[in-house]
Structure formats: structure tokens, C-alpha cells
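Here's the structure, in C-alpha cells; my notes come after.
What's counted below: heavy atoms across the whole structure, side chains too, no hydrogens, waters or symmetry copies.
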Amino acid sequence: IRHDKLNREKENENLRTELSLLRSQVSPHFMFNVLNNMVALARKNSAQLEPSLIKLSSLMRYMLYEADAEKVPLYREIEYLQSYIDLQQQRFGKNVLLNVCLKVADEHCEIEPMLLIPFVENAFKHGTGLIEQAQIDINLKTENETVIFTVQNKFNPASDEVKDKTSGIGLANVKRRLNL
């Protein structure tokens, strides 16, 4: 019995470690995107750089201090998403039509942290660039203790997108985290 208990504890610890690692892998991908945006603002000597840096600071604070929790209030995850979306909207301006609706009826709803961001990141990564009349639709609502989250973007099926080393990591991590 003691041996079985020790094995279960060891397995649980391995799963916690794996979950922590999967969460941390989302952050670097996100950070590279945001930092590239900041470089562009700095080069333009944009007045938007300071507020953007403050948003980035808020995002980092969330990632470092709150995203380690097992669950976070959904409204905090939404604040995080909204800041990310705002930073991306600064980057793309009128080149991308954004339709965003993030509504939470249940203020006590909790969610696994950093779970939704890969979908939004992918929409900006794959739904912009060489896309004519680029459009991204992001909707989140709660119904009967259920979170309903959709992200849609236009894409060009004719384009041969070159995949990099990090391609597919975000969605694979989300699937693995949900399984864990």
C-alpha cells in the first residue's frame, strides 16, 4: 500500500511538473510577438510606446504571478486577452478588422490560466499578412457554468505558409493541458 501511494504521489508530481512546463511554453511565443511590436513602436517614436509598455508590464505580471495558480478568475483571463488584443490592434491598425465580444455572466467562473491565448495568437499569426480584408472574430461568453469561446479568422488557402520550429506548439499544449 505504501509503495502504491508513493507511486501515485510521484505520478501526480510528474503531472504537475509537466503542466507547469506546458504553461511556461506559451509565454515565450507570446513574448516574442509583443516585443517585436514594441520595437516597431520605438522605431516610429510613437506616443503609443509608453501605454503599450505599461500593458506589457501588466501582462507579464499576470503571467509571472497569477498564471501559476491552478485556476484564475475568468475575468482576469479576459483582461489578459483584451490587453493582448489591444497591443495587436495597435500593431495592425486598420489592416485587420477586429470584432471582439468578451462577456461573462458568472463573475465567479474560474478557468485554467493562459488557456485561451494560443487561439488568439494563432488568429493573428495566420489571419493577417497576405490576407485580403483580414478579419478576426473573438467571442467569449458563459452559459450555465460553461465557457463558450470562439476565435475565427480569414485565411488564404492558396498561400503556402512556411512553418517554423514553434508551429503547432500552442494548440498541442492546450490539448495536453486539458487532458491533464
For the [atom1] atom of [X] and the [atom2] atom of [Y], what is their distance to the nearest 0.5 Å?
X	Y	atom1	atom2	value
Phe119	Asn153	CZ	CG	12.5 Å
Leu6	Ile1	CG	CD1	13.5 Å
Glu143	Glu145	CD	CD	12.5 Å
Gln89	Lys94	CD	NZ	11.0 Å
Met114	Leu81	CE	CG	9.0 Å
Leu49	Arg43	CG	CZ	12.5 Å

Handout entry: Asn99 atom CG: more than 12 heavy-atom contacts under 6.0 Å
Key =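 It does: Asn99 CG has more than 12 such atoms within range.
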Exercise for the section: Indicate yes or no for a side-chain donor-acceptor contact from Glu77 to the backbone of Leu115 under 3.5 Å, with no hydrogens or angles considered. Expected result: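 Such a contact is found between Glu77 side chain and Leu115 backbone.
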Is it true that [X] and [Y] fall in one hydrophobic cluster, defined by side-chain heavy atoms closer than 4.5 Å?
X	Y	result
Met60	Leu35	yes
Leu56	Ile85	yes
Leu59	Leu53	yes
Ile136	Leu97	no
Phe155	Leu98	no

Exercise for the section: Applying side chain to side chain contact (heavy atoms under 4.5 Å, CB included), run through His3 and Asn7 and close with a yes or a no. Expected result: CA-CA 6 Å; His3 186 288; Asn7 281 341; 2.8 Å; yes
Taking all heavy atoms of [X] and all of [Y], pick out the closest pair and write down the distance.
X	Y	value
Ala134	Gly127	CB-O, 3.4 Å
Cys109	Thr142	SG-CG2, 4.4 Å
Lys71	Glu112	CD-N, 4.1 Å

Handout entry: Non-neighbouring partners of Lys55 that pass salt bridge (charged side-chain N to carboxylate O under 4.0 Å, His left out), sequence neighbours left out
Key =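 Lys55: salt bridge (charged side-chain N to carboxylate O under 4.0 Å, His left out) contacts with Asp86.
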Practice task
Could you check Asn37 against Gln90 for side chain to side chain contact (heavy atoms under 4.5 Å, CB included), going step by step and ending with a plain yes or no?
Solution key: CA-CA 8 Å; Asn37 294 348; Gln90 264 182 353; over 6 Å; no
Find out whether [X] and [Y] are in side-chain contact, i.e. whether some heavy atom of one side chain is under 4.5 Å from a heavy atom of the other.
X	Y	result
Phe149	Ile138	yes
Ser52	Met38	yes
Asp137	Thr150	no
Val72	Ile111	yes

Exercise for the section: Go through the side-chain N and O atoms of Glu79 and Tyr75 and say whether any donor and acceptor fall under 3.5 Å apart. Expected result: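 The answer is no; no qualifying pair exists.
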